[in-house]
Amino acid sequence: MAARGRFYVTTPIYYVNDRPHIGHLYTTTLADVLARHHRHLGEDTFFLTGTDEHAVKVVESAAGRGLTPDEWAARNAAEFQRAFARFGISNDDFIRTSESRHVERVARYVGALLESGDVYAGDYEGWYDPGQEEYVPEGRAREWEYRSPISGRPLVRRREQNYFFRLSAWGDPLLELLEARPDFVLPEARRNEVMGRIREGLLDVPISRCHEEGEPRWGIPMPGDPSHVIYVWIDALFNYLSAVDTDERRGFWPPSVHLIAKDILWFHAVIWPAMLLALRRCPGFDWVELPERVYAHSFWISEGQKMSKSLGNFVDLERLEAYADRFGLDALRFFLVTQGPLGTHDADFAEARFVHVYASELANTLGNCAHRVAHMTGRYLGGQVAAPDPSCPAAGGLEAAAGRAVDEALAAMERLAPDRACAAALDLVRAVNAAIEETRPFALARDPERRGEVGTILYRCAEALRIAALLLAPAMPERMAELLRRFGAAEIGERIRAGAHGELREWCRWGRLAPGTALETGPPLFPRHDAA
RNA sequence: GGCGGUGUAGCUCAGUCGGUUAGAGCGGCGGCUUCAUAAGCCGUAGGUCGUUGGUUCGAGUCCAACCACCGCUACCA
């Protein structure tokens, strides 16, 4: 996939009634880091996020505020866009499901599936919570003893006419797919979950809702039957396709990875690919291949506690902005990326942990190392890096260490492990610190005879740091752009800051740092906060 | 109930196809160093790798059972 030089990453489109919180920002930041990395590699990159707007409750929320659904959705979608801009997200598009470009295309997709018989009219019967106006899954209904947990009133048996997607037909093809492509659903534990559930058997899924007389029109009408609207989930999934279903963008398809949280795995790993398999057989849609990967991360908890509405302990935008203000946006991004719930377990967003990681990884290890190297260069070499002496062994191991770090970081990014990529870069920085201790350039500098050695050592340290900065740049574009500027790579830094395309492998070539380049110290990249 | 996952040093976690003395970061302790954001480096931690029993020449790494915690079990982005 990388060989094709194309990368298409998506986040879920976010429920427009929600206030943005750490969950939204986390997934979106991960996508951003991947997108920036692939742009740095020079790949044709497309990064999509957006809002899901056709839920019934959007109508209610809007009405409660005396607004039309359109107005309410637009206001909240703008909120998400502002938030993402504030946190350095470099998405290439922001799709809203109420936009005509989406509505029209979804009608076409579902129309094609109706035509082919993959979608058919039938009856749905199940337990219904009249207060919540939603069906309750069988298992949960039993667990609740057939009463609404909200109102306490009994659930009722209800039947309605619906359009169904013939999911039951796709169990075997999906299993074959999951067998043949072990990384289709990641992490592996999630793939196991999905396969286990598919083996239990698949039922057809209703994909429409009755449109009640007199209600405001909200949602995408079922093609050929305006008495139904397409169920919001189905509508939403198609955003990944509709956003790039244009002559200019079709080449981005299929998605390289759908980043999601674990709660919406079933839709992305089963229903969505099944619908695409079905659609693909329809005339004119043979180009619609399946996404390459679906990656489901876990949740953040807050100070050791599950985030919940009742506890009111969501890590919300205000709180996140407070961290960004105090420690810098990049520090927040670094924390999210390296300490987040990428795996199967939830991760804790705790103040103490944040302060700790910031101090040890960013201030002490990275910031201090950059400063000491620049400072010694200023003090002993007049501020300019010297030409290294190839015959001088001092700190010679750094070149190989840098090479390993680059290989590791690139491989980690390829397997969707940006945390490991950052770790590889930090290891390289630690190697620089160790090399300084070992070779002691500050001691050698006292002897004028050994100036050449000092120059060689500091050149190698600076070069390793420059490369570490490049590897950390997707996570911390602003601070690493500044570090690169100080280390004589201002142009690259500017491109990184702007989220532009580049040529990472060339940038990471050892020896690119030109002898004679002036290094700058400047104020701390990551100031300590013990005083604050 | 069914399916799946996790249980490794005080904390957060790595441990590829089973193979010499079980690893990292952080913390703690001891030492070294002074170029640096009181930063850095080195050495330490005597960890029954949840328990029990198997397979094997050999298991943290495979199998079984059990214990603890967690996730999923179809319409809550």
Side-chain angles (χ1 to χ4, degrees), chain A residues 11-18 23-24 27 50-52 55 57 124 126 132 134-140 143 162 167 187-207 209 231-234 236-237 239 260-268 270-271 296 298-299 338-339 343-348 350 352-353 356-357 359-380 419-420 423 426-427 430 432-438 440-445 454 457-458 461 521 523-531:
Chain A
T11 74
I13 50 173
Y14 301 112
Y15 179 39
V16 79
N17 257 8
D18 277 348
H24 306 109
T27 313
T51 42
D52 169 27
K57 285 181 188 154
Y124 181 80
Q132 294 301 103
E134 63 188 22
Y135 283 90
V136 176
E138 187 63 39
R140 199 150 313 172
E143 182 189 320
N162 272 135
L167 182 65
E188 194 183 353
R190 301 295 171 206
R191 170 176 177 252
N192 293 341
E193 266 178 30
V194 167
M195 292 182 78
R197 276 184 67 186
I198 294 175
R199 287 199 190 95
E200 289 169 14
L202 296 178
L203 301 174
D204 291 349
V205 289
I207 62 156
R209 283 287 167 78
Y231 177 53
V232 59
W233 249 108
I234 301 303
L237 283 168
N239 91 86
I260 60 169
K262 60 185 178 180
D263 55 332
I264 54 175
L265 180 60
W266 185 248
F267 293 94
H268 285 81
V270 177
I271 296 174
S298 299
F299 293 148
T338 63
Q339 308 295 312
T344 321
H345 287 305
D346 294 348
D348 193 9
R353 195 166 166 221
H356 208 79
V357 168
S360 80
E361 307 267 89
L362 296 181
N364 294 354
T365 301
L366 177 57
N368 179 59
C369 186
H371 189 252
R372 71 196 295 212
V373 169
H375 187 263
M376 281 192 278
T377 302
R379 186 156 159 184
Y380 308 135
D419 56 334
R420 298 299 199 98
L426 261 300
D427 281 346
R430 289 189 191 95
V432 172
N433 274 326
I436 293 170
E437 296 304 323
E438 193 194 320
R440 301 174 53 76
F442 43 84
L444 298 180
V454 173
I457 291 164
L458 291 179
C461 290
T521 47
L525 287 168
F526 301 100
R528 289 192 58 89
H529 276 279
D530 15 25

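Just so it is clear, the values below take in all heavy atoms, side chains as well, and ignore hydrogens, waters and symmetry mates. In this text, all values refer to a predicted model and were calculated from it rather than measured experimentally. Every chain is numbered from 1 and lettered A, B, ... according to where its sequence line falls, protein lines coming before strand lines.
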query: Taking atom P in both B:G46 and B:G30, what distance in whole Å separates the two?
result: 15 Å

Does [X] place a side-chain N or O at less than 4.0 Å from the phosphate oxygens OP1/OP2 of [N]?
{"X": "A:Asn192", "N": "B:G5", "result": "yes"}
{"X": "A:Trp266", "N": "B:C72", "result": "no"}
{"X": "A:Arg199", "N": "B:G4", "result": "no"}
{"X": "A:Arg440", "N": "B:U33", "result": "no"}

What does [X] touch in the nucleic acid at a heavy-atom separation under 4.0 angstrom: a base, only the sugar-phosphate, or nothing?
{"X": "A:Leu362", "result": "nothing"}
{"X": "A:Asp18", "result": "sugar-phosphate"}
{"X": "A:Arg420", "result": "sugar-phosphate"}
{"X": "A:Ala236", "result": "base"}
{"X": "A:His371", "result": "base"}
{"X": "A:Ile260", "result": "nothing"}

- request: Answer yes or no: is there a donor N or O on one side and an acceptor on the other, between the side chain of A:Arg190 and the main chain of A:Leu265, under 3.5 Å?
  value: no

message: Ring centres within less than 5.5 Å and planes less than 30° apart: is that true of A:Trp233 and B:A77 in this structure?
response: yes

message: Looking at A:Asn364 and B:A39, is any side-chain donor or acceptor paired with a base atom of the opposite kind under 3.5 Å?
response: no

message: Quick check: on RNA chain B, is the nucleotide nearest A:Glu193 upstream (toward 5') of the one nearest A:Pro206, or the reverse? Name the residue that is more 5'.
response: A:Glu193

